[in-house]
Amino acid sequence: MSTPAAPLLTLVGRDTASAPPATDDRVAPDRAAWAELMRLPALFTVPGDTLAGVAAAGARPGPRVLLPIGSSLCLYAAGMVLNDWADRAEDAVDRPHRPLPSGRIRPAAALTAACGLTGAGLLLAARAGRPALAVAAPLAATVWAYDLALKHTPAGPAAMAAARGLDLLMGAAASGSARRAAPSAALLGCHTLAVSAVSRRETTGGSVAAPLAALAATGALTRLVTHRRVRLPAGRRAAAAPGLPGPTPGGAARTTPAGAVTAALAAAYAATAARPYFHAALNPSPPLTQRAVGGGIRATVPLQAALAARSGATATSLLIAALAPAGRLFARRRAMRKVSIT
């Protein structure tokens, strides 16, 4: 039995029901195999980590943000390739159509690619600055530790959550202060933890507790994101005292344009994740559990966008939100139709 893949994408790496990838005359077979191995359509879920981290640090994304985004993409792809390299013996029995067991990509080439992508990710982080590299190094270590040692242990979900949080912190560290982004990283990590707990039973089903816990976590995260505590300037705190006119700390965020955008994106996050979790709780069969995992993965993007809006970066949040339909459109291309993102 296989478990979910590398942590950088949260849970990206296991497909249990997909058919062998269809070939396309316009795409060489080796290119299609590498696209499948790297879960190419799921790349669109990665930049939101960096952009949400930049927003949480109080900065605006500029040209230099491409460096931590590139680092995240490389480390994600490395994790996906390493995941299948580590699972090649199991996949030869359970999923022989995958690129490594089917012979479309040699194991040595996959391991070399994983090492090269990891090195490229660390190099890009170094170019972004020492603070970014200080986060990218443990992120890379977490990815490798998960794929090679932690995947089948109780520490697996926590490793994936840590990797997702670190990815957000790398964007913050490259733009300002990673400490300011710690709350956003924690919220994103909690979402990852909930989805990963569901994904551990996606091949066998039978777990009611995991989707119920993920459903409860989704509700709690939605509330935490939309009920952000606003710090008022010192001269306005007296006006916020009970019985006096003025904005209250608990309601100020909801009266601003950024607050309205945050609420809308948080609602999109809840709607994307909650329904498949609920269905999996009612009937924890493998197909519905797999749909719940897919819904949790897709919900990552609106959550990233909501976290950016929560930080007051409305334009950045809308940019992140636009990655979701772009990823779906890319996945529907004829050459990518059978490339799994889970």
Side-chain angles (χ1 to χ4, degrees), residues 2-15 30-50 53 66-88 90-91 98-101 104-128 132-152 155-157 159-171 173-174 189 192 196 199 297 300 327 339-342:
S2 294
T3 56
L8 188 54
L9 185 58
T10 351
L11 310 165
V12 198
R14 310 310 310 159
D15 69 316
D30 58 331
R31 290 176 58 189
W34 281 104
E36 181 184 354
L37 186 63
M38 295 183 185
R39 317 305 197 270
L40 203 57
L43 283 168
F44 289 90
T45 69
V46 179
D49 288 344
T50 300
L66 295 177
L67 292 172
I69 287 178
S71 176
S72 294
L73 292 171
C74 287
L75 293 176
Y76 153 74
M80 296 300 98
V81 174
L82 186 64
N83 173 80
D84 281 18
W85 180 85
D87 283 353
R88 63 191 186 280
E90 297 176 26
D91 287 343
R98 283 193 161 186
L100 294 183
R104 288 177 289 151
I105 295 176
R106 292 182 294 108
L111 183 59
T112 300
C115 294
L117 287 166
T118 301
L122 293 174
L123 179 61
L124 288 170
R127 292 290 301 273
L133 180 60
V135 179
L139 171 57
T142 303
V143 170
W144 279 71
Y146 173 83
D147 281 330
L148 299 182
L150 301 177
K151 185 187 308 181
H152 300 288
M160 287 195 282
R164 180 64 81 169
L166 286 170
D167 199 37
L168 187 149
L169 290 177
M170 180 168 62
T192 302
S196 65
S199 72
I297 294 171
T300 301
V339 176
S340 171
I341 64 168
T342 60

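The structure displayed is predicted, hence computed values, not measured ones. Reckoned from all heavy atoms, side chains included, excluding hydrogens, waters and symmetry mates.
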First locate atom [atom1] of [X], then atom [atom2] of [Y], and finally report the distance between them rounded to the nearest 0.5 Å.
X    : Y    : atom1 : atom2 : answer
L43  : L40  : CG    : CG    : 5.0 Å
M160 : K151 : CE    : NZ    : 9.5 Å
D147 : N83  : CG    : CG    : 5.0 Å
D30  : I105 : CG    : CD1   : 8.0 Å
L168 : L139 : CG    : CG    : 11.0 Å

Does [X] reach the side chain of [Y], with side-chain heavy atoms less than 4.5 Å apart?
X    : Y    : value
T118 : L75  : yes
D84  : R39  : yes
L100 : D91  : no
L166 : M170 : no
L37  : M80  : no

[X]: what forms a side-chain contact (heavy atoms from CB on, under 4.5 Å) with it, not counting sequence neighbours?
X    : value
L133 : L122, A125, A126
L148 : L82, W85, A86, W144
A173 : P131, V135, A178

Nearest heavy atoms of [X] and [Y], plus distance in Å:
X    : Y    : result
L124 : G70  : CD1-C, 3.5 Å
A110 : V81  : O-CG1, 3.0 Å
A159 : T142 : O-CG2, 3.4 Å

For R127, look at atom CZ and say whether over 12 heavy atoms of other residues, nucleotides or ligands are found less than 6.0 Å away.
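Atom CZ in R127 is not packed in, count stays at 12 or less.
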
Presence of salt bridge, R98 and D87, under 4.0 angstrom:
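Looking at R98 together with D87, the answer is no, because their closest N to O distance does not fall below 4.0 Å.
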
Is there a donor-acceptor pair under 3.5 Å between the side chain of S71 and the backbone N or O of L67?
no

Look only at the side chain of Y76 and the backbone of M38, and say whether a donor-acceptor pair between them is shorter than 3.5 Å.
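Here the side-chain-to-backbone pair exists.
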
